[in-house]
Each structure stands twice: as C-alpha cells, then as structure tokens.
There are 2 protein chains.
Amino acid sequence: MIIDAFIHRLERFAVLSPEEKAAVRSACSSTRSLPPRFELLRQGESTTGTNLILSGFACRYTMLPGGRRQITAYLIPGDLCDVRACMLDGMDHSIGTLSPVEVAQLSHDSMLELTQRVPGLTRAVWWSTLVEEATTREWVLNVGHRTALSRTAHLFCELFSRMHAVDLTHQNMCEIPITQSDLADALALSPVHVNRTLMKLRALKLATFRHQHLTIHDFKGLQEVGGFDPAYLRLEDPSPFSEVRRPGASPPPRPDHAETTML
Amino acid sequence: MIIDAFIHRLERFAVLSPEEKAAVRSACSSTRSLPPRFELLRQGESTTGTNLILSGFACRYTMLPGGRRQITAYLIPGDLCDVRACMLDGMDHSIGTLSPVEVAQLSHDSMLELTQRVPGLTRAVWWSTLVEEATTREWVLNVGHRTALSRTAHLFCELFSRMHAVDLTHQNMCEIPITQSDLADALALSPVHVNRTLMKLRALKLATFRHQHLTIHDFKGLQEVGGFDPAYLRLEDPSPFSEVRRPGASPPPRPDHAETTML
DNA sequence: CGTAGCCTTGACCGCCCTCAAATTATGTGG
DNA sequence: CCACATAATTTGAGGGCGGTCAAGGCTACG
C-alpha cells in the first residue's frame, strides 16, 4: 500500500506512534479516482487542500503560446501535490494527470489538524519541497546541457530511483503509465526525437521503455550516459541496485531545534 | 540602502515596529567583501549561517563534466543566499560570486534570534523560497522551449523587474555586473551565440547589454519576444514601467493562521 | 604601455525540429 | 470475436538553430 511508503517517508523526521500512524491513515481515507488528462489545478487558481497521489502519474506543467507544453515535474505515488499553493494567491502553473490517478483528498483543515497531531509532518512536507526544488534545478541542467540521449537516460534514472523508493519496482522493471509525447514534453524534445532516442537506448542495451513499462538493462551504464548523481533526491538508499537494502543503519541525523523554527 | 529593500520585503508579511527594524539592521551589521569568482559555498558542504547580498551579483551553479557550468539562479542585492541549506546535510550545488559582492553575515544563531523577534520573518523567508522555486521552473521553460532570442529577452525582463523591485534601476537602465559568458551559462547557450543574440536585440531596438549595463528600449516588445509574464515573481508592482508606482494600494491579503503552521 | 580578459566576427557542421506518411497498439460497438 | 476508429509509435527526408573552432579587435587595469 502506498500510504505505507508515505508514512515511511514521514518516519525519517519523527518517531510515529501507532495512533499517529492511524491518524495519517484515516486522514487519507477520502479518495477520488481521476481520468487521464484531467486538470487537477489550473494556472491562476487557488486551492483549499492538497492531494496525496495513491496510484498513477500526474505532472506540473505550463502551456506555452503555440500549444506546446512543458512539464516541470512528474508527480508519482506518495507525492503530495501542492501543499504550498495555499501560501500564494494563485498557481503559476497547472497540475494534471497523465494516467488514471487515485488521490487521497486532504482538506486544508485536516492538514492543520494532522500537523498538530504528527509533529514531524510539517518538517517532512517542507523537506519534500526542498527535494522538489533540487529536482527542478536538475531538470534545468538536463534540458540545458545534455544531449537527447543523455537527457533521457537521466530522466529514466531519476524515475526508476523514485519509483524504487516507494517500492513500485519489480526487479529491474517498473510501470511508467505515460506516453512518449509526455516524455517529450518533460525532456523538451519532439515526440519524434524521443522515439529515436528510445530506440537508441534499447540498441545500447541500457533501457527499454515500451508499453508503459520501463526496463533497466544496465543501470550503471545508464547513469554514466545520463550523468546521473542521485544525491539530489536524498533517498535513503541512493541506488536502486545496491547490493544490500537498508543495512540496518539509522536515518541521517537531523538538528532537533529545526522542529520549532523551520530555519 | 539595500537593507531598506529587504525590510520592505519583510513588511509584506508583518508590521514591523521601529525596534524590530533596528533589530534587523543590527543583525546585518557584520559585513564582508568578496572578490569576483569567489566560491561562497561548495557543492557537498554544509553551512552554519546565511548571507544577505548587499551589492553585486552571485549565482547558484553546478559544474558539469567537461567543465561546463550551468547557472540555475542569479542572486541579486536583497536576496538571502541559502537559508535552507541547513535543513539538508550537504549542498547539491554551489554558490559563487560573479562580481565583487558585499554580504551581511547572518549566523544561524542570530537568524534564530531574529525570527523570534520579528514574527513575519520566517514566513517571508519561506515565501522567498517559493518564488525562487517558481523562478527555477520558469528557467526550465526558458532553456527548454524558447529560442536564443526569446530566452535572452525573457531573462532580461526578469532581471530588470527584480532589480526594479529593490530599487536598483535608473529610468530604463540598470547595472548587471556580469559577463556575456555568465549569461551564456545561465541561458545554456554558447558565449558566441549570446553575443550574436545581444546584437540582434540591439538591432531590434529592444534592449542593449553593454559594459555591464542593461538598457531597456522597449519593455513591451521585449516582454512579447520573451513570452515574459511577471506573475511568478510575485512583485508588488508587476511591471517596472507601469504608469503609477504603488498606487496607495495595500499589500495582497494573506491568511493569518499561516503564521503558526507554515502550511 | 603592455598584457589579459572580454567581445566580435566568420566558416563549417551536427543535433534535433518539422512535415508527412506508414504501421502498430488501444478501445469500442456490433 | 471482428470491424472500425482513434491514438500512439515508427520511419524517412530535408532544413535551421545554435555549437565549435579560430582569429582579430577592444577595454581595462597594472
């Protein structure tokens, strides 16, 4: 269950009692199923709550004059989509689904209540924000300085690592329910060129993306081609193909005062 | 004085008493002068405090294999450079100066003290973070989907607007103390092509960048070419060339509860 | 007055875009 | 289960934006 992954993420910041975990679970009980290409939040709108993605893919995007779309982030299961929209008075981009998506609806009120009952939550949310910010910076590098092949390799490394972190990979494979056009809009490439690039990745025996499934043949090689350094994702387990999983080590130390000040 | 601009920014979130303003001023009293091309914070390092830029330009950047540099943000007077590095255990990018820079040093402790004395500070800092994040997203659009001309026009609109917001413009001109190569590293273009693009902007009578000075000949036109919509910057005064400056209007309304929860 | 860094200009080339069409999935109703 | 429609993927040909390499001119500053 994906909520377990979410709770696991929270546990990097706070020890949760069974009651607290139950509180998180019950707050996520109200779910909604959305069709593909559904606009969750339109540019300019404000929001009254947030959604936790339980299954499927969504994205942040901006439409450009000429009908082109730039995707600036993929939102995958376990991601909160837009906690911070409420701090500003109107979104500067849109959020929409790419595949069928199931979300847990968290009203603003229930989030407030939850943050009071679960002390580490606020910190976890802000921490996620920082990781997202770092990811966006990485995307600037990607579209700015890397070739189509390298760019695509990098994105696949990122996606596979993130999917692995929420336990949605099976051996060297995971489901990525998006089209080549959706990839193109994220990579700032034409769909045609994405297609050629995918074939090249396949020919190089690095990765295969087909029928909405990503298969990694050679992670090391893919990482090298893409210049991928997983540090910015701040995962517990930086490589999805490391020999030992969670070697009994404790989570990274964190300053205790941060809880109160957020600075 | 640039600290006034900083205080003015804070005043969007809290009414500051003269004593509180004095507290901010005195916290910023310890200054340091840095040479150009000085590495303020290296990738992987942690930080114990933050710096408020008083004069000059700095930037966030990442070095890529091959010696190329991607600048992901310009830091201008009035910007805090890296309040949130302390939340994570190692920077995923570097921060360095582009020109001679004067900074006010704010230790972690003095920031903590200041946040307690000045209630709106925490919120102001996080709000800046969100604007920075939005700006980075805009840069993804820029390097991804715009031509060299459009890209450069967009950056000039952004820079001029930001400089205007901290009162560092003089009519249609402002000082941008960086080289064409520094522009190239931000725009993901070669220095050669930046040069050609600057000449084109001049020929089109849109803007001139020369001798570290940016002159805007036709903001409207520049905005159109660049597809620039200032909304993401969340400035009080969206256009630097609007007829009326600060027409006595009150700052945008904000939720009061946000102070306590930050969500 | 000399040197170093920055800016400018020219020639050539390759990555990726565009347009267009064929082929293959996907899905729907009979 | 098949016929059909629609969307997604694949393939080909041609062209342009911007990169690279190289050399010359300018400016600033010691």
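Everything quoted here is computed from the prediction, not taken from an experiment. Throughout, protein chains are lettered first and strands after them, A, B, ... in sequence-line order, and every chain is numbered starting at 1.
Looking at heavy-atom distances under 4.0 Å, A188(B) makes contact with sugar-phosphate atoms alone, never a base. Residue S190(A) is classed as a base contact, given a heavy-atom separation below 4.0 Å to a base. When heavy atoms are screened at a 4.0 angstrom cut-off, L198(A) is found touching no nucleic acid atom at all.
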>> If you apply the rule salt bridge (charged side-chain N to carboxylate O under 4.0 Å, His left out), what do you find for R137(B) with E133(A), and how did you get there?
In response: CA-CA 9 Å; R137(B) 268 194 301 271; E133(A) 200 191 333; over 6 Å; no
>> Go through it in stages, so that I can follow the logic: the residues are Q70(A) and H145(B), the test is side-chain hydrogen bond (donor to acceptor under 3.5 Å, both in side chains), and I'd like the CA-CA distance, side-chain angles, deciding distance and then a yes or no.
In response: CA-CA 8 Å; Q70(A) 174 70 54; H145(B) 279 287; 3.1 Å; yes
> Can you give the dot-bracket line for DNA chain C, where a pair is Watson-Crick or G-U wobble with both atom distances under 3.5 Å, crossing pairs use [ ], and | marks a partner on another strand?
Replying inline: |||||..|||||||||||||||||||||||
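Atom NE2 of H193(A) is separated from atom C1' of dC17(C) by 9 Å (rounded to the nearest Å). As a whole-Å value, the separation of M199(B) CE from dC7(C) P is 12 Å. If you take NE2 of H145(B) and P of dT18(C), they are 10 Å apart, rounded to a whole angstrom. Whole-Å rounding puts the I176(B) CD1 to dC6(C) P distance at 17 Å. In this entry the distance linking CG of N195(A) with C1' of dA20(C) reads 15 Å, nearest Å. Atom CD of Q180(B) is separated from atom P of dC7(C) by 4 Å (rounded to the nearest Å). A straight line from CG of L149(A) to C1' of dG14(C) spans 15 Å, rounded to a whole angstrom.
Residue order along DNA chain C, read from the 5' end via each residue's closest nucleotide, puts R151(A) first among Q212(A) and R151(A). Mapping P191(A) and F209(B) onto DNA chain C via the closest heavy atom, the residue that lands nearer the 5' end is F209(B).
Taking the six-membered ring for Trp and the full ring otherwise, Y74(B) and W139(B) have centroids separated by under 6.0 Å.
Counting only heavy atoms from C-beta on, R196(B) has its side chain closest to dA11(C) among dC16(C), dC6(C), dA11(C).
Between the side chains of E138(B) and H154(B), at least one donor-acceptor pair of N or O atoms lies under 3.5 Å. Looking only at atom types and distance, the side chain of E39(B) has a donor-acceptor partner in the side chain of Y61(B) under 3.5 Å away. There is no side-chain donor-acceptor pair under 3.5 Å between H93(B) and T62(B). Between the side chains of Q105(B) and N51(B), not a single donor N or O lies within less than 3.5 Å of an accepting N or O.
Scanning DNA chain D 5' to 3' for nucleotides with an atom closer than 4.0 angstrom to a non-hydrogen atom of chain B gives a first and last hit of dG18(D) to dC21(D).
When every heavy atom of I53(A) is checked against every heavy atom of C81(A), the shortest pair comes out as CG1-SG, 4.2 Å.
With F160(A) as reference, I216(A) is the one residue of L168(A), I176(A), I216(A) to meet the side chain to side chain contact (heavy atoms under 4.5 Å, CB included) rule.
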